[in-house]
Engineer: 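Please see the structure below; I have some questions.
It should be emphasised that the depicted structure is a prediction, and the values quoted were computed from it without experimental measurement. Indexing begins at 1, ligand by ligand and atom by atom, following the structure's order.
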Amino acid sequence: MNNAILPNIILASGKEQSLRRFHPWVFSGAIKKINGNPKDGDMVEVFSSQSQYLGTGHYQNGSIAVRIVSFTRIEPGRQFWQSKIRDAYNYRAMLGITDNERTNVYRLVYGEGDGLPGLIIDYYNGSAVFQAHSIGMHREREAIAGALKEIYGDKLKSVYDKSHESIAERYAGHISNGYIFGNDAEKQVRENGNLFSIDWEEGQKTGFFIDQRENRKLVGEFAGGKKVLDCFCYAGGFSVYALKGGASEVHSVDSSRTAIELADRNIALNFAGKANQTSRVADAFDYLKESRGEFDIIVTDPPAFAKHRDAKHSAIMGYKRLNALAISAVKPGGLVFTFSCSQVVDRNLFNGAVTAAALEAGRNVRIMHRLSQPPDHPVSIFHPEGEYLKGLMLFVE
Ligand code: SAH
């Protein structure tokens, strides 16, 4: 008998190893017995076959049956969420982004990286966008919004719940996006001194790809006097930084008209019609095929080609094809900034795809920088799956 204070789960013999290494997922195949009839979203305690306590987390029937939020015994409740969110905030304060004249947009909570599997919170200049990936986290939204209010005080104007797209399909029908508190707040943010208009209600993900902040900055640093192509531009992040960095000309390409309208709005916001920039609604593959070596810098930041393990092979082929086009298209002596945000394609696989692309393009390529996600998207050393954004800055002879 264990001394559980919640419904509890007993693992099969030997299945406790990953939890002992602080990996926060319990797979359904590791479970021997479930006591107390937990419902999806309930907190459960997990024990080894020898009745040793291992952790506490949210239960949800599926391949990942428990997402652990604490490896020490806790009483779940407001105080617990308060202290977890406070930890996440203090970590960002240490990074210098919570009170920063030049940057007021950052990721406040990045799931497993913050010991909060299933939860994403992005902060946009006084508004928080809450995104639950498990029904358990979604149920905690009032407590978490309360914790945010307590931490930010009057600075926090709204909390918007955008979980409809991220939650398991069988629950999505009952969950619609909307404000947990406040509404219609300021929707303009500053990132490294650049202005961006954010639409978290209609936009992709939580509204903006915050994870590219440092890579955008790097592009800006190399853009002086250069002709730049920003493929998969979405809100025009790389384009704005390139222009600020003194690019002679920028072309922004995205297949979505809404994205291009957003990019145009952001270019106007920063340069008031004085930028040498053009936008095009087009397929980036086609655009690259037609370009004839006129660009000094090419950025390719596509959406995840593989959202599931089954799509891994075709994703790798996609990265190879895209990078072969970009490496072929760039001017001799030019730069390619290439990215993958597919979690299932790890850094080695991505590098392999780019190597094959360079071979196919028949160009000599040097790796200048290996790029990643910024520290407000931290990776738990015990959960390497949290590293999803990979990039390479290439010099192409
Ligand atoms: N670089 C952006 C984020 C890119 S998100 C930033 O810094 O904010 C990926 C974008 O690729 C989306 O806007 C999507 O509309 C676009 N996209 C998807 N498939 C595409 C294709 N085949 N050609 C061009 N754009 C595409």
Engineer: Any Lys/Arg nitrogen of Asp376 or Arg92 sitting under 4.0 Å from an Asp/Glu carboxylate oxygen of the other?
Structural biologist: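 Answer for the salt bridge query: no.
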Engineer: Look at the aromatic rings of Phe305 and Phe232 and report parallel, tilted or perpendicular, splitting at 30° and 60°.
Structural biologist: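 The arrangement is perpendicular - the two ring planes meet at more than 60°.
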Engineer: Checking a contact table here: which protein heavy atom is nearest atom 1 (N) of ligand 1, and how many Å away?
Structural biologist: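 Result: Asp301 OD2, 2.7 Å.
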Engineer: Going by an N to O cut-off under 4.0 Å, is there a salt bridge joining Lys84 and Asp87?
Structural biologist: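 A salt bridge is absent here (no side-chain N lies under 4.0 Å from a carboxylate O).
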Engineer: Can you tell which part of Ala282 has a heavy atom less than 4.0 Å from ligand 1: side chain, backbone, both or neither?
Structural biologist: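 It is the backbone that touches ligand 1; the side chain stays farther off.
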Engineer: Are any of the N or O atoms of Ser256 closer than 3.5 Å to those of ligand 1?
Structural biologist: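 No - when backbone and side-chain N and O of Ser256 are compared with those of ligand 1, no distance drops under 3.5 Å.
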Engineer: Between Phe232 and ligand 1, is there a nitrogen or oxygen pair with a distance under 3.5 Å?
Structural biologist: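 Checking ligand 1 against Phe232, an N or O pair does fall under 3.5 Å apart.
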Engineer: Does Phe238, backbone or side chain, put an N or O under 3.5 Å from an N or O of ligand 1?
Structural biologist: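 In this structure, Phe238 places no N or O atom under 3.5 Å from an N or O of ligand 1.
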Engineer: Say whether Gln212, considering both its backbone and side-chain N or O atoms, lies within less than 3.5 Å of an N or O atom on ligand 1.
Structural biologist: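 No, since none of the N or O atoms of Gln212 sits under 3.5 Å from an N or O of ligand 1.
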Engineer: Tell me if the centroids of the rings in His251 and Phe295 come within less than 6.0 Å of each other.
Structural biologist: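 Between Phe295 and His251, which both carry aromatic rings, the centre distance is below 6.0 Å.
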Engineer: Does Gly236 have a heavy atom less than 4.0 Å from any atom of ligand 1?
Structural biologist: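 So Gly236 does not count as touching ligand 1.
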Engineer: Would Arg139 and Asp42 pass as an ion pair if we require N to O under 4.0 Å?
Structural biologist: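 The answer is yes: the pair qualifies as a salt bridge.
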Engineer: Of the protein's non-hydrogen atoms, which lies at the shortest distance from atom 18 (C) of ligand 1, and what is that distance?
Structural biologist: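 Here the nearest protein heavy atom works out to Pro303 CG, 3.5 Å.
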Engineer: Where is the nearest protein heavy atom to atom 22 (N) of ligand 1: which residue, which atom, and how far?
Structural biologist: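 For atom 22 (N) of ligand 1, the nearest protein heavy atom is Asp283 OD1, 2.8 Å.
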Engineer: Is the Phe208-Phe196 ring centre distance short of 6.0 angstrom?
Structural biologist: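 Ring centres of Phe196 and Phe208 closer than 6.0 Å.
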Engineer: Salt bridge check: are Glu150 and Arg86 linked by an N-O gap of less than 4.0 Å?
Structural biologist: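 Looking at Arg86 together with Glu150, the answer is no, because their closest N to O distance does not fall below 4.0 Å.
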Engineer: In plain terms, say whether Lys205 and Glu165 are close enough for a salt bridge, that is, a side-chain N and a carboxylate O under 4.0 Å apart.
Structural biologist: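 Looking at Lys205 and Glu165, the cut-off is not met.
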Engineer: Checking a contact table here: which protein heavy atom is nearest atom 26 (C) of ligand 1, and how many Å away?
Structural biologist: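 Looking only at protein heavy atoms, the one closest to atom 26 (C) of ligand 1 is Ser255 OG, 3.0 Å.
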Engineer: Out of Asp254, Thr258, Ile210, Val240, indicate the one that has the non-hydrogen atom closest to atom 16 (C) of ligand 1.
Structural biologist: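 Going through Asp254, Thr258, Ile210, Val240 one by one, Asp254 has the nearest heavy atom to atom 16 (C) of ligand 1.
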Engineer: To check your reading of the model: name the closest protein heavy atom to atom 6 (C) of ligand 1, its residue, and the distance in Å.
Structural biologist: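 The protein heavy atom lying closest is Arg216 NH1, 3.5 Å.
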